[in-house]
Amino acid sequence: MLDIKVIRENVQWAKDKLASRGVQATEIDEVIALDEQRRALIVKTEELRKKRNTASEAIAIAKRNKKDATEQIAAMKNVGTQIKTLDSELATVKEKVNYILVRLPNFPDDSAPVGPDESFSREERQWATPREFDFEPLAHWDIGEKLGILDFERAAKVAGSRFVYYKGAGARLERAVYNFMLDQHAQEGYEEMITPYLVNNESMFGTGQFPKFTEDVYTMTNEGEPMTLIPTAEVPLTNFYRDEILDGAQLPIYFTALSPAFRSEAGSAGRDTRGLIRMHQFNKVEMVKFTKPEESFKELEKMTADAENILKALKLPYHVITLATGDASFTSAKTYDIEVWLPAQNTYREISSCSDCTDFQARRAQIRYRDEDGHVNLVHTLNGSGLAVGRTVAAILENYQNADGSVTIPAPLVPYMGGMTKIDVK
RNA sequence: GGAGAGUUGGCAGAGUGGCAAUGCAACGGACUCGAAAUCCGUCGAACCGGCUUAUACCGGCGCGCAGGUUCAAAUCCUGUACUCUCCUCCA
């Protein structure tokens, strides 16, 4: 959520910033007009409340002195109702302000390329050259099925499309990959967490998925209480400190967690229908940081590097791009996407997305810290995948495939595979 | 699932309708070479608004949350969340 004061005091700036994210200027005018109404009503009610407080005190004194206060009480009789009327008006206006405010995206950072879609994104760097194959590389779903380690058909029978069974060495590989990632991040100072996989609406609001993106997730009911299957561990990790004031000396705080991520993929029918790329349920190792405002962009660079280190260790070619203003997520001020090379698709595909959400989520979730002077400020929150596990497995299968159909296990994963160096055709 | 108790400041803790006690901690000062102890003083988070160069000043709000009753609610009424104890069940 944006700070209405910032919008109010920098109207044109706010309009320009948000225009690059597809927000109409009229929406800003509207929210400012409503905010003015809101403040005018606050002044009115507060004047009445002050009047009531003064009168109440006089009545209390009169009663204490056993004097008659009937007249004063009668005089105050309708003040209470006036306050109530104004209060309900105020509540309505507040709701209107909020309706717009909670649906406005974060201000993009100046360093993000301006543009409406991914064609405006900027490549920052490339790492490693894609391998030259002396045979036609197979897609990971074909490799997985030939090796008997991925079963999409039975998953479709049991659950539906966009689900998968990992079998045998495949399941072991998935587990090896996320254990390796968690161990790496633990060494980089992230505290490992296991989180709830179902969260309440307040949490979904706190990280910015709700109220705008309800159709992207699976929601169910527990005794009438709506619960959502997490679309990313960012939700439970960031909401960990919701409604809390942290000690500034503890910052920055780093968390990491493996979790399944559940996504309805509404509107993506026909895209990536095969393989592990786009699933309703997939594992992801997530990184989340809470930082002081002045440190968040520096921490974004570090977090992106932490994600890149996994790919470097696994020797998977990738490049890093900065998303264009119109392409970045709702909550993000700046996002780096890391895309891994998939030989069979002959292209880079997203495997991580690292975002600095500045104070946008912190304001929604009310996550603050007390600095050395005792002042309370909003923290900055960051999140990034480190990495999407299923897509990493897909990248390993494709980049490490051999002419005989086998797949070599990347060296750092061998200990996690119980010494296995290769997955052979059975 | 059943029964009971609780939720007030950074912490402890009083308060059954009329300005939210008190203690500890914290902060400022005195004493001291310095510190501790002692003494004096300040301090009710966070939030919102007004006036602002301002973190100054003024006001509102504020006793888990949301409603209600009342001239007036921490206090009375209704609903609700969470925590704890006991019983029951359970991986």
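In what follows, every chain begins at residue 1, and chains take the letters A, B, ... in the order their sequences are listed.
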Salt-bridge contact K289(A)-E299(A) (side-chain N to carboxylate O under 4.0 Å): yes
Show the distances under 3.5 angstrom between N or O atoms of the protein and N or O atoms of nucleotides 67-71 of chain B.
from	atom 1	to	atom 2	distance (Å)
rU69(B)	OP2	K84(A)	NZ	3.0
rC71(B)	OP1	K77(A)	NZ	2.5
rC71(B)	O4'	I73(A)	O	3.4

Modelled atom types, side-chain donor and acceptor of H280(A) and Y218(A), under 3.5 Å: yes
Sugar-phosphate, base or nothing in reach of K94(A), heavy atoms under 4.0 Å: nothing
Distance between P atoms of rA14(B) and rC76(B) (Å, rounded): 16 Å
Length of the line joining Q366(A):CD and rC48(B):C1', which is rounded to integer Å: 12 Å
Centroid-centroid under 6.0 Å between F255(A) and F240(A) rings: yes
Nucleotide opposite rU55(B) in a Watson-Crick or G-U pair, distances under 3.5 Å: none
Test: R349(A) and D272(A) ion pair at under 4.0 Å: yes
d(CD, E57(A); C1', rG17(B)) in whole Å: 16 Å
Nearest-0.5 Å distance, CD of residue E192(A) to CG of residue D183(A): 7.5 Å
Atom C1', compared across rA72(B) and rG64(B): separation rounded to whole Å: 23 Å
Phosphate OP1/OP2 of rC19(B): any N53(A) side-chain N/O under 4.0 Å: no
Atom pair distance, as rounded to whole Å: CD1 in I245(A) and P in rG10(B): 8 Å
rC89(B): pairing nucleotide in any strand, Watson-Crick or G-U under 3.5 angstrom: none
Pairing nucleotide - rU32(B), Watson-Crick or G-U, each distance under 3.5 Å: none
Pairwise C1' distance for rU75(B) and rG62(B), with rounding to whole Å: 16 Å
d(CG, L86(A); P, rG49(B)) in whole Å: 17 Å
Nearest-angstrom distance, C1' atom, rC71(B) to rG6(B): 33 Å
Base paired to rC61(B) (Watson-Crick or G-U; both N/O distances under 3.5 angstrom): none
Watson-Crick or G-U wobble mate for rA26(B), both contacts under 3.5 Å: rU42(B)
Base-pairing assignment for rG6(B) (Watson-Crick or G-U wobble, both under 3.5 Å): rC82(B)
Whole-Å C1' distance, rC84(B) and rG79(B): 22 Å
E286(A)/K284(A) ion pair, N-O < 4.0 Å: yes
Distance between C1' atoms of rA3(B) and rA91(B) (Å, rounded): 25 Å
Flag for R278(A)-S268(A): side-chain donor and acceptor within less than 3.5 Å: no
Interatomic distance, N98(A) CG vs rC48(B) C1' [rounded to whole Å]: 14 Å
Residue closer to the 5' end of RNA chain B, I4(A) versus K50(A) (nearest nucleotide): I4(A)
Pairwise P distance for rC48(B) and rC43(B), with rounding to whole Å: 23 Å
Separation of atom CG in D243(A) from atom C1' in rG64(B), rounded to whole Å: 12 Å
Rounded distance in Å between the P positions of rA21(B) and rA74(B): 13 Å
Donor + acceptor pair across side chains of Y254(A), E188(A) (<3.5 Å): no
R8(A) side-chain proximity, nearest of rG49(B), rG60(B), rA46(B): rG49(B)
Length of the line joining L41(A):CG and rG60(B):C1', which is rounded to integer Å: 14 Å
Between P of rG18(B) and NZ of K67(A), the distance in whole Å: 20 Å
R38(A) vs rG49(B): side-chain N/O to OP1/OP2 distance below 4.0 Å: yes
Ring centroid separation F330(A) to F360(A) under 6.0 Å: yes
Counterpart base for rC76(B), defined by Watson-Crick or G-U wobble contacts under 3.5 Å: rG68(B)
Given rG60(B), rG18(B), rC47(B), the nucleotide with the shortest approach to the side chain of R368(A): rC47(B)
